[in-house]
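Below: the structure, in structure tokens.
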Amino acid sequence: MAGIKVLRKGLLGLTAAASLPVAGHAWALDVTVKGMSGAAADNVVNILADLEADSQSTRTRLDAVVKERAQQALQAYGYYNATLTTSYPAKDNEQVIITIQPGERTKITQLDVSLEGDAAKDDAFEKVMAADPLKVGDPLLHSRYDGFKSQLSTLALERGYFNSRFRQQRIEVRPWENSARIFLDMDSGTRYRFGHVHFNGSQIERQRLENMVPFETGDPYLAGDLATLNQNLGQTDWFRGVAVRPRVNDDASPAATSQWYADATGRETTADVTEVLGGPGLQVARQLTDSQPTIVPVDVELTPADRHQFEVGIGYATDVGPRTQFSWTMPWLNRYGHSLTNSLYLSAPEQRFSGEYTIPLANPLRDSYRVRYGLENVDNEDTQSFQSSVQLARHWEFSNGWVQDLYWQTTYEDFTQADQDDAVLLLYPGISWSRTRTRNPIFPTWGDKQQLTLEWSEPAWGSDARFVRTTFSSQWIRMLGSENRFVGRIGGGAMATNTFDKIPPSLRFFAGGDQSIRGYSYESLSPENDDGELLGGQHMLTSSIEYQRHVTGNFWGATFVDTGNAFDEWWPDALKTGAGVGVRWISPVGPIRFDIAHPFDDEEDSWRLHFSIGPEF
């Protein structure tokens, strides 16, 4: 029928023929729209934003280009009968005022959208079709049409419909009726299924790797499963490089296969890829025929991580002064994926050597045995202690983010605490649960951290002391808007024992310091003997609330209140409270915190500075 505009693409593009010659001085056209406002008017301004005019161009030619582009911008929002009037206040054509009479808006009067093939019974496609943004009676918006098409194409790639194609994809616009008819018919074809996974370049035995594959051979293809496999292999720290590629067609070039994966998962592979116009995966996949096998083998290229990795860190905190740490990590020791980490920590009050040997089990990411060992020397306040320990642990990481450790600890500690001194051998089992969740780990805008530990020691199995001990902590970070940040924490511990004099300092409770109660020095709060020397407590409770406000750039201001104590009887006779103000700087090496705090019940030390580097969690 004469006059019907058939649009095979949604938002109309502009061709090079609409450009103007530029001679000498050129400038961007200043556009003012009158007569209408909103998204359509903004689109007129935007589509003319890159138009340049100069004094040598004729106004007639400039005006024709302006009106053509403006009409296209309006048609994208369904205004096909708009009347435009233009005026140019300046002689040099630098400014144009467009007065628009939009007329009646074109509406969708007929909508034929259909889906054939295996996708017609796919829940994911059913949800997309049910939420179809195109409805009869709605104004014609080309962006919605294009977005809906793109959503179907992307979903087909993500879910393995590599033979999918649009049998119909057109809009018929009848300007004289202010009506539009949309025809969109997609044939998904057969859904592909996963084939075998081929690992290349790995130094780890195949069975360990296969246990991390989140799908079985024959399962329906899902691009998200490939992203999960990539992530699982990367989290082991066994490999320096991981590239997961679906082999959709053995005859297809590596570039095409890599582009399919990048389009479907948003992840780039290490292979070179070439840019293909509009849905690259569909462009290539349409060359396939239904007679070809619908199996997708998966190739995984792995590059082993360096066998020895070293790291040195230095820092400073008011609690311990200058500190340094040296770590030596071997992410894989053998083909079974065993790993070893050793760390040396040095500060004035504490020197510590520790290590951990990890033996992964069937699911290397979640289950393992761990052997932890360490030597520690402490000389702080009224505490002198030398400790050696070995711990055998069974480690689980659950899908909900919680981590569980069931362990047996052996500790020998030679100590002096105030007027008490002893050397004890402790043998005790324990269990702990913990979970950490953060967004932006360096300076979290949201997060929380939970921890709970239970331990039990008995002379019946050779331990020198009897006790039941528990510790807990909960920390959280929340934002109110983008300028207000709240940090809170509560923590504590409790011990039941009738042999407290044989409990070493490492298991007694002390409070005070940067991460405890600001305004008081590091571990300076606990029950005391008659000479005023610290003994440590059987119980502890601390809490803190902090409000931070963004000031400028990477600087935040802070106000806080901390309270708590270490004590022998539950509930404590008195809680120690400190409050103050501080500054937070989000530096390239992590947050730097500077606080000045006032302890409310210590007149001799009325103010105390606290300085530390590192995130809250």
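Between the side chain of W433 and the main chain of W402, no donor-acceptor pair closer than 3.5 Å is present. Using a distance-only test at 3.5 Å, with no hydrogens or angles considered, no donor-acceptor pair links the side chain of R366 to the main chain of L361. Listed for the S368 side chain is no donor-acceptor partner under 3.5 Å among the backbone atoms of I359. Judged purely by atom type and a 3.5 angstrom limit, H395 has no side-chain atom pairing as donor or acceptor with the backbone of Y369. Judged by distance alone, with hydrogens and angles left aside, the side-chain atoms of E533 form no donor-acceptor pair with the main-chain N or O of D530 at under 3.5 Å. At distances below 3.5 Å, not a single donor-acceptor pair connects side-chain atoms of E523 with backbone N or O atoms of D319. No donor-acceptor pair closer than 3.5 Å links the side chain of S463 to the backbone N or O of L426. The main-chain N or O of G481 is never found under 3.5 Å from a side-chain atom of N484 such that the two would form a donor-acceptor pair.
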Tabulate below the donor-acceptor pairs under 3.5 Å that side-chain atoms of residues 552-560 make, not counting sequence neighbours, or state none.
none

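The list of side-chain hydrogen bond (donor to acceptor under 3.5 Å, both in side chains) pairs with a residue in residues 578-590, not counting sequence neighbours, reads E546-R584, R584-D595. Screening residues 335-351 for salt bridge (charged side-chain N to carboxylate O under 4.0 Å, His left out) gives E205-R335, E350-R352 as the qualifying pairs, with residues at least two apart or on separate chains. Judged as a salt bridge (charged side-chain N to carboxylate O under 4.0 Å, His left out), the pairs with a partner in residues 404-413 (not counting sequence neighbours) are, in order, R372-D405.
In this structure, D306 CG and T303 OG1 are separated by 10.5 Å, a value rounded to the nearest 0.5 Å. Atom CD1 of residue I314 and atom OG1 of residue T324 lie 6.5 Å apart, to the nearest 0.5 angstrom. Of the inter-residue distances, the one linking I596 atom CD1 with R608 atom CZ reads 11.5 Å to the nearest 0.5 angstrom. Residue F386 holds its CZ atom at 9.5 Å from CD of E376, rounded to the nearest 0.5 Å.
Minimum heavy-atom separation, E616 to Q475: O-NE2, 3.7 Å. Contact record, S506 with R469: O-NH2, 4.2 Å, taken as the closest heavy-atom pair. Closest non-hydrogen pair, G537 versus S526, comes out as N-CB, 4.3 Å. Counting all heavy atoms, side chain and backbone alike, G519 lies closest to P599 at O-CG, 3.3 Å. The minimum heavy-atom distance between W456 and Y428, with the atom names listed, is O-CB, 3.0 Å. Scanning all heavy atoms of the two residues, the minimum distance from G578 to Y520 falls at N-CE1, 4.4 Å.
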| said: side chain to side chain contact (heavy atoms under 4.5 Å, CB included), that's the test. Do D562 and R489 meet it? Break it down for me. | reply: CA-CA 9 Å; D562 301 342; R489 57 178 166 82; 3.8 Å; yes
| request: Could you walk me through whether N232 and T236 pass side chain to side chain contact (heavy atoms under 4.5 Å, CB included), step by step? | output: CA-CA 7 Å; N232 289 348; T236 63; over 6 Å; no
| task | Starting from the C-alpha separation in whole Å, work towards a yes-or-no answer on side chain to side chain contact (heavy atoms under 4.5 Å, CB included) for F500 and F467. | result | CA-CA 8 Å; F500 185 72; F467 65 83; over 6 Å; no
| Step-by-step side chain to side chain contact (heavy atoms under 4.5 Å, CB included) determination, L534 to T383 | CA-CA 8 Å; L534 300 174; T383 303; over 6 Å; no
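Annotation: side chain to side chain donor-acceptor pair (under 3.5 Å) contacts of D367 (sequence neighbours excluded): none. In this structure R478 satisfies the salt bridge (Lys or Arg N to Asp or Glu O under 4.0 Å) test together with D448, sequence neighbours excluded. Legend: residues meeting side chain to side chain donor-acceptor pair (under 3.5 Å) with R323, ordered by chain and number and at least two apart, are absent. Partners of E458 by salt bridge (Lys or Arg N to Asp or Glu O under 4.0 Å), not counting sequence neighbours, listed by chain and number: R466. Remark: H198 engages H196, R247, P297, D299 in a side chain to side chain contact (heavy atoms under 4.5 Å, CB included) (not counting sequence neighbours). Take D514 and apply the side chain to side chain donor-acceptor pair (under 3.5 Å) test, not counting sequence neighbours, and it matches H610. Take D531 and apply the side chain to side chain donor-acceptor pair (under 3.5 Å) test, not counting sequence neighbours, and it matches no residue. Remark: T445 pairs with R439, M479 by the side chain to side chain contact (heavy atoms under 4.5 Å, CB included) rule, at least two apart or across chains.
Heavy-atom contacts from other residues, nucleotides or ligands closer than 6.0 Å to CG of L333 number more than 12. Annotation: L406, atom CG; neighbour count of heavy atoms from other residues, nucleotides and ligands within 6.0 Å is above 12. In this structure, W328 places its CH2 atom where only 12 or fewer heavy-atom neighbours from other residues, nucleotides or ligands lie under 6.0 Å away. More than 12 heavy atoms of other residues, nucleotides or ligands lie within 6.0 Å of CZ in F398, so this atom counts as buried by the packing criterion.
Of the listed residues (M212, Q207, R208), just one forms a side-chain contact (heavy atoms from CB on, under 4.5 Å) with E210, and that residue is Q207.
You'll find the side chain of F567 stays beyond 4.5 Å of the side chain of F509, heavy atoms only. Looking at heavy atoms from C-beta onward, L229 lies in side-chain contact with V213 at the 4.5 angstrom threshold. Looking at heavy atoms from C-beta onward, F310 lies in side-chain contact with F326 at the 4.5 angstrom threshold. Using a 4.5 Å heavy-atom threshold, the side chains of N230 and V300 count as separate. Between I204 and W332 the shortest side-chain heavy-atom distance falls below 4.5 Å. Side-chain atoms of Q417 and R508, non-hydrogen and from C-beta on, do get closer than 4.5 Å to each other. By the 4.5 Å heavy-atom criterion applied to side chains, Y407 and R370 are not counted as neighbours. N342 is listed as a side-chain neighbour of Y373, based on a closest heavy-atom distance under 4.5 Å.
A salt bridge does not link K502 to D464: none of the charged side-chain nitrogens sits closer than 4.0 Å to a carboxylate oxygen.
Taking the six-membered ring where tryptophan is involved, the planes of F611 and Y316 are tilted, since the angle between them lies from 30° to 60°.
Inspection of the D421 and T416 side chains reveals no N or O donor paired with an N or O acceptor under 3.5 Å. Using a 3.5 Å distance cut-off with no hydrogens or angles, the side chains of E455 and S457 do not pair a donor with an acceptor. Side-chain contact check for T563 and T577: at least one donor-acceptor pair (N or O, by modelled atom type) lies under 3.5 Å. T411 and Q409 form a side-chain donor-acceptor contact under 3.5 Å, judged by distance and modelled atom types alone.
Ring to ring, Y357 and H338 are close: their centroids are under 6.0 angstrom apart.
Geometrically, R485 engages F443 in a cation-pi contact defined by less than 6.0 Å to the ring centre and at most 45° from the axis.
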